*Asks:* 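Once you've had a glance at the structure underneath, I'll fire off some questions.
The sequence lines fix the lettering, A, B, ..., with proteins before strands; numbering per chain opens at 1. Remember, predicted model here, so these are calculated numbers, not experimental data.
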Amino acid sequence: MTDYKQKIAAAVSANVDMCSADVYECIEYPKNPEMGDYSFPCFRLSKTLRKAPALIAKDLCEKLGKVEGFSKIEAAGGFLNFYLDDALVAGEVIKEVLFKKSEYARSNIGGGGTVVLEYSSVNIAKPFHIGHLRSTMIGESLKRIHRFFGYNTFSINYLGDYGTQFGKLIVAINRWGDKAAIEQNPVPELLKLYVRFHEEAEKDDSLNDEARQTFVRLENKDQEVEAQWKFCVDASMIEFSRIYKKLGIDFDSYNGERFFSDYMQPVVDELRTMNLLETSEGAEIVNLDDVGLIPAIVQKRDGSSIYFTRDLASAHYRKKNYNFVKSIYVVGSTQALHFKQLFAVLAKMGRQWADECKHVQFGQISIVGGKLTTRGGNVIFLEDVLEAAREEISRIIEEKNPKLPNRETVEKQVGYGAVIFQELYTSREKDYVFEMEKVTNFQGETGPYVQYTHARCCSLLRKAEAQGLSPSGDFRAELLLDDASVAIVKLLRKFGDAVELALKSYEPHHVARYAVDLAKAFNRFYYENPIITDDRELSGARIALVGAVRTVLAEAMNLVCIDAPSEM
RNA sequence: GCGCCCAUAGCUCAAUUGGAUAGAGUAGCGGACUUCGAAUCCGUUGGUUGGGGGUUCGACUCCCUCUGGGCGCACCA
């Protein structure tokens with residue numbers, strides 16, 4: 001596809017004292033379409049040229065005259081606005097989408113470099129609740145977005161499968177557990193036992209000692225305890241796998257903390273050799289005063305390990321085994337200090353790749369009753385949310401399209417998609433309060449809206465096909481000059497930019513919003529224009545446009561992890 | 001006490017990372033189905049971007065300060 005920015009940069013730089021690359025960087029998209037498709041702000045030039053920006057724009061406009069590919073160039077205040085030749089662009093863009101299909105707008109800026117993404121990271125023996133959805137979906141979407149740009153990806157579910165709480169859990173199983181009940185309903189039963197442990201430990205502190213000893217046995221790979229640990233992991237994973245399947249996600253690795261506990265020692269040894277370790281209040285720490293952080297604990301007073309050390313080990317393991325160009329941690333903002341410390345220690349160890357590590361943080365999720373507390377029982381299970389949305393979709397399908405083929409599949413695609421989409425529709429960092437009504441309301445800016453639009457495109461394409469008409473690059477673009485068509489074409493051109501913005505800011509919501517914008521533009525076009533008409537040429541042009549919209553919508557939906565059913 | 005994050009229309013959120021008249025959805029009101037899917041579309045009401053200073057051609061965006069909320073401050077993860 002023609003790079004029109006390049007054309008502008010070349011033309012402008014020939015007339016002012018700026019190199020083409022600098023001009024290229026300055027070019028922006030006016031938000032109001034009446035101001036053209038590209039804009040070059042002249043304010044910066046006013047210092048060197050000692051002229052008013054508006055005057056510079058005016059002079060430049062005259063000097064440029066006509067530039068190929070643009071129908072009009074206009075000076076407006078200090079801006080020089082460029083208007084694309086709509087018919088030319090429509091022909092070019094639609095042909096490109098139809099030809100490249102799901103490859104459209106992709107590029108290879110990643111060059112095959114590996115990006116490691118850690119996300120979801122659920123805790124064994126604890127429920128998968130609504131609070132885990134953000135990490136899970138942001139991580140998965142970022143994975144797909146990186147692939148879009150030619151990165152290789154490696155996704156890790158860094159399971160919370162280690163630590164003193166497993167000592168507590170195993171003690172509770174031994175004392176009060178009912179094996180059959182646990183096998184029947186693993187996570188809720190284990191959670192009950194965990195809660196009970198804390199209640200009983202209030203009265204009897206010796207339970208805590210017993211738990212600590214049990215964890216030490218686990219660290220020492222005591223076979224009996226290890227078997228119980230494994231039982232908890234396996235039972236929990238059955239439940240988690242079911243949920244990941246509903247979300248359409250799988251991971252390249254489920255190596256959790258337990259796995260990396262075997263890799264800690266060499267790192268600790270190296271810290272010691274490098275004289276980076278200090279003893280403070282009985283613990284082994286890395287002092288981080290020089291970077292304005294509190295010390296990082298590497299070894300506890302009692303000599304046992306801590307999660308910081310395991311994270312340190314896992315970072316090394318990942319660099320060594322996957323040789324990443326980027327390592328992304330999708331973890332809540334409550335861990336911000338932890339990751340600052342982690343990256344700071346890596347830097348102190350002379351790891352240049354420390355700045356290839358990135359903490360992608362997000363705000364806290366709470367529910368109406370306040371904070372999410374698994375132990376306190378103030379929790380909403382993710383699966384309940386997914387199913388509630390699916391049931392609501394089922395009700396709507398019953399009402400609108402009861403004869404829908406593959407109905408059960410579609411209910412899942414749309415219901416689960418609604419939950420996923422609303423999570424990825426807003427920026428990461430704000431806290432938010434989860435409400436069930438939000439995910440069972442499907443009007444307006446929602447996943448089902450985008451899916452509905454896609455299904456509508458598919459329906460049109462089926463109807464056209466029945467008349468021997470299918471999207472083809474052989475159409476007359478000058479028939480697509482009505483406002484709605486032009487607006488769609490402009491959006492189709494910007495797809496790559498939207499995804500790239502998401503990549504650079506680690507914000508999938510840019511893609512989700514793009515999908516809604518495109519759907520909105522299409523629905524307006526649909527309302528204003530009969531697509532399949534007696535006029536064969538006109539129909540051909542419009543069907544080409546519909547085909548292009550369908551393709552890009554489907555790809556955008558894929559990037560934000562929702563399915564694109566062809567009927568709903 | 002120190003540090004990080006957040007504050008935009010009644011509500012939920014955007015704003016091309018410093019650009020032009022701050023935009024959507026939702027709620028309210030008024031319209032559009034004998035025609036390709038009304039889970040749709042069109043119109044309309046709604047703003048001192050928490051307050052105050054500063055930086056500059058230009059600030060929701062950057063700096064300072066105050067207010068209000070969230071989180072974190074070594075042996076839990």
*Asks:* Which part of the nucleic acid, if any, lies within reach of A:Asn529 when heavy atoms closer than 4.0 Å are counted: base, sugar-phosphate only, or nothing?
*Replies:*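 Counting heavy atoms under 4.0 Å across all strands, the contact made by A:Asn529 includes a base.
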
*Asks:* Quick one: which of B:U40, B:G37, B:U12 gets closest to the side chain of A:Tyr449?
*Replies:*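 Ranking B:U40, B:G37, B:U12 by closest atom to the A:Tyr449 side chain puts B:U40 first.
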
*Asks:* Is B:C4 in the syn range, within 90° of 0, or in the anti range?
*Replies:*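 With its glycosidic angle more than 90° from zero, B:C4 counts as anti.
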
*Asks:* Taking B:A15 as the reference, what is the distance to B:A22 when you measure between their C1' atoms (whole Å, please)?
*Replies:* 7 Å

*Asks:* Using the C1' atom on both, measure B:G68 against B:G23 and round to a whole Å.
*Replies:* 26 Å

*Asks:* Using a cut-off of less than 4.0 Å, is there contact between a side-chain N or O of A:Lys430 and OP1 or OP2 of B:A7?
*Replies:*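 For B:A7, OP1/OP2 do have a side-chain N/O of A:Lys430 under 4.0 Å.
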
*Asks:* Write down the distance separating the P atoms in B:U21 and B:U61, rounded off to the nearest Å.
*Replies:*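 16 Å, rounded to whole Å.
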
*Asks:* Which whole-number value in Å describes the distance from A:Lys520 NZ to B:A39 P?
*Replies:* 18 Å

*Asks:* Consider the side chain of A:Tyr526, meaning its heavy atoms from C-beta on, and name the nucleotide among B:C6, B:C36, B:A20 that approaches it most closely.
*Replies:* B:C36

*Asks:* Mapping A:Ile393 and A:Gln165 to their closest nucleotides on RNA chain B, which lands nearer the 5' end?
*Replies:*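 Nearest nucleotide further toward 5': that of A:Ile393.
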
*Asks:* Using the C1' atoms only, state how far B:G25 lies from B:G46, rounded to an integer number of Å.
*Replies:*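 Going atom to atom, C1' in each nucleotide, I get 14 Å.
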
*Asks:* Between B:U55 and B:C64, how many Å separate the two P atoms, rounded to a whole number?
*Replies:* 15 Å

*Asks:* Distance only, no hydrogens: is a donor on one side chain within 3.5 Å (strictly under) of an acceptor on the other, for A:Tyr29 and A:Asp497?
*Replies:*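 Judged by distance alone, the side chains do pair up.
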
*Asks:* Grab the CZ-P distance between A:Arg524 and B:C42 for me, whole Å please.
*Replies:* 7 Å

*Asks:* Just checking A:Gln451: base, sugar-phosphate only, or nothing, at a heavy-atom cut-off of under 4.0 Å?
*Replies:* nothing

*Asks:* Can you check the distance between B:U12 and B:C57, where both ends of the measurement are the C1' atom (answer in whole Å)?
*Replies:*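 Rounded to whole Å, the distance is 36 Å.
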
*Asks:* Does A:Lys463 place a side-chain N or O at less than 4.0 Å from the phosphate oxygens OP1/OP2 of B:C36?
*Replies:*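 Result: no.
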
*Asks:* Please answer whether B:C57 and A:Phe43 are stacked, defined here as ring centres separated by less than 5.5 Å and planes angled under 30°.
*Replies:*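 Per 5.5 Å and 30° rule: yes, stacked.
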
*Asks:* Could you please name the partner base of B:U48, counting Watson-Crick and G-U wobble pairs only when both distances are under 3.5 Å?
*Replies:* none

*Asks:* Considering every strand shown, what is the Watson-Crick or G-U wobble mate of B:A7 when both distances are under 3.5 Å?
*Replies:*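 Its partner is B:U67 (Watson-Crick or G-U wobble, both distances under 3.5 Å).
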
*Asks:* So what does A:Lys47 hit on the nucleic acid, given a heavy-atom distance under 4.0 Å: a base, only sugar-phosphate, or nothing?
*Replies:* sugar-phosphate

*Asks:* Is there a donor in the side chain of A:Ser394 and an acceptor in the side chain of A:Glu411, or the other way round, less than 3.5 Å apart?
*Replies:* yes

*Asks:* Select one nucleotide: of B:C71, B:C5, B:G37, the one nearest the side-chain heavy atoms of A:Ser459.
*Replies:* B:G37

*Asks:* Picking from B:A24, B:U17, B:A39, which would you name as closest to the side chain of A:Glu445?
*Replies:*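 The answer is B:A24, which lies nearest to the side chain.
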
*Asks:* Counting only side-chain N and O atoms of A:Ser46, is one of them less than 4.0 Å from OP1 or OP2 of B:C57?
*Replies:* no

*Asks:* Any side-chain N or O of A:Lys31 under 4.0 Å from OP1/OP2 of B:A20?
*Replies:*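 Yes, such a contact exists.
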
*Asks:* To the nearest angstrom, how far is A:Phe522 atom CZ from B:C36 atom P?
*Replies:* 14 Å

*Asks:* Kindly say if A:His510 contacts the phosphate of B:A15, meaning a side-chain N or O under 4.0 Å from OP1 or OP2.
*Replies:* yes

*Asks:* From CG of A:Leu503 over to C1' of B:U17, roughly how many Å is that when rounded to an integer?
*Replies:* 15 Å

*Asks:* Starting at OH of A:Tyr452 and ending at C1' of B:A38, how long is that distance when rounded to a whole Å?
*Replies:* 6 Å

*Asks:* Rounding to the closest angstrom, what is the interatomic distance between B:C13 and B:G53 at atom P?
*Replies:* 29 Å

*Asks:* Once you apply the 3.5 Å cut-off to both distances, tell me the Watson-Crick or G-U wobble partner of B:U55, or none.
*Replies:*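 Base partner found: none.
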
*Asks:* Among side-chain atoms of A:Ser539 and A:Thr533, is any donor-acceptor pair under 3.5 angstrom?
*Replies:* yes

*Asks:* Would you mind reading off the distance between A:Phe421 atom CZ and B:A24 atom C1', rounded to a whole angstrom?
*Replies:*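 Taking CZ of A:Phe421 and C1' of B:A24, I get 13 Å after rounding.
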
*Asks:* If we call it a pair only when both distances are under 3.5 Å in a Watson-Crick or G-U wobble match, what pairs with B:G23?
*Replies:*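 Here B:G23 is engaged in a pair, and the nucleotide opposite it is B:C13.
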
*Asks:* Per the atom types in the model, does the base of B:A20 pair as donor or acceptor with the side chain of A:Asn81 at under 3.5 Å?
*Replies:* yes

*Asks:* Take atom OH of A:Tyr162 and atom P of B:C76, then tell me their distance rounded to the nearest Å.
*Replies:*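 Rounded to whole Å, this separation is 15 Å.
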
*Asks:* Do the side-chain N or O atoms of A:Tyr38 get closer than 4.0 angstrom to the phosphate oxygens (OP1, OP2) of B:U16?
*Replies:*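 It does not, given that no N or O in the side chain of A:Tyr38 lies less than 4.0 Å from OP1 or OP2 of B:U16.
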
*Asks:* Would you say A:Arg513 reaches B:U16's phosphate, i.e. side-chain N/O to OP1/OP2 under 4.0 Å?
*Replies:* no

*Asks:* Classify A:Ile306 by what it touches in the nucleic acid, base, sugar-phosphate, or nothing, heavy-atom distance under 4.0 Å.
*Replies:* sugar-phosphate

*Asks:* Give none if B:G18 has no partner; otherwise give the nucleotide forming a Watson-Crick or G-U wobble pair with it, both distances under 3.5 Å.
*Replies:*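 Paired with B:G18, as far as the under-3.5 Å criterion goes, is no nucleotide at all.
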
*Asks:* Counting only side-chain nitrogens and oxygens, does A:Lys371 get under 4.0 Å of the OP1 or OP2 atom of B:C71?
*Replies:*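 Looking at the OP1 and OP2 atoms of B:C71, one of them is under 4.0 Å from a side-chain N or O of A:Lys371.
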
*Asks:* Is it true that the side chains of A:Arg456 and A:Asn523 contain a donor and an acceptor less than 3.5 Å apart?
*Replies:*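 Side chains of A:Arg456 and A:Asn523: pair found under 3.5 Å.
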
*Asks:* Assess, by modelled atom type and distance only, whether the side chains of A:Gln361 and A:Tyr506 contain a donor and an acceptor separated by less than 3.5 Å.
*Replies:* no

*Asks:* On RNA chain B, check which nucleotide each of A:Leu337 and A:Thr426 is closest to and give me the residue with the more 5' one.
*Replies:* A:Thr426

*Asks:* Answer with base, sugar-phosphate or nothing: what part of the nucleic acid does A:Ser304 contact at a heavy-atom distance below 4.0 Å?
*Replies:*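 A:Ser304: no heavy atom of the nucleic acid under 4.0 Å.
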
*Asks:* Tell me if the aromatic rings of A:Phe166 and A:Phe215 count as close, with their centers under 6.0 Å from one another.
*Replies:* no

*Asks:* Between A:Phe442 (CZ) and B:U40 (P), how many Å, whole number?
*Replies:*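 That distance rounds to 12 Å.
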
*Asks:* From C-beta outward on A:Thr334, which listed nucleotide comes closest to its side chain: B:C71, B:A39, B:G25?
*Replies:*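 Side chain of A:Thr334 sits closest to B:C71.
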
*Asks:* Answer yes if the side chains of A:Asp311 and A:Tyr158 hold a donor-acceptor pair under 3.5 Å, and no otherwise.
*Replies:* yes

*Asks:* Less than 3.5 Å between a donor and an acceptor, one on the side chain of A:Ser39 and one on the base of B:A20, is that the case here?
*Replies:*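 Pair found.
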
*Asks:* Between B:A59 and B:G54, how far is it from one P atom to the other, in whole Å?
*Replies:*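 Per the computed distance, 12 Å lies between those P atoms.
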
*Asks:* When both hydrogen-bonding distances must be under 3.5 Å and the geometry is Watson-Crick or G-U wobble, what is B:U35 paired with, if anything?
*Replies:* none

*Asks:* Could you tell me whether B:U17 is syn or anti, where syn means a glycosidic angle within 90 degrees of zero?
*Replies:*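 Judged by the O4'-C1' to base torsion, B:U17 sits in syn, the angle falling within 90° of 0.
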
*Asks:* Using the side-chain heavy atoms of A:Ile294, tell me which of these nucleotides is nearest: B:A15, B:C73, B:C6.
*Replies:*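 The answer is B:C73, which lies nearest to the side chain.
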
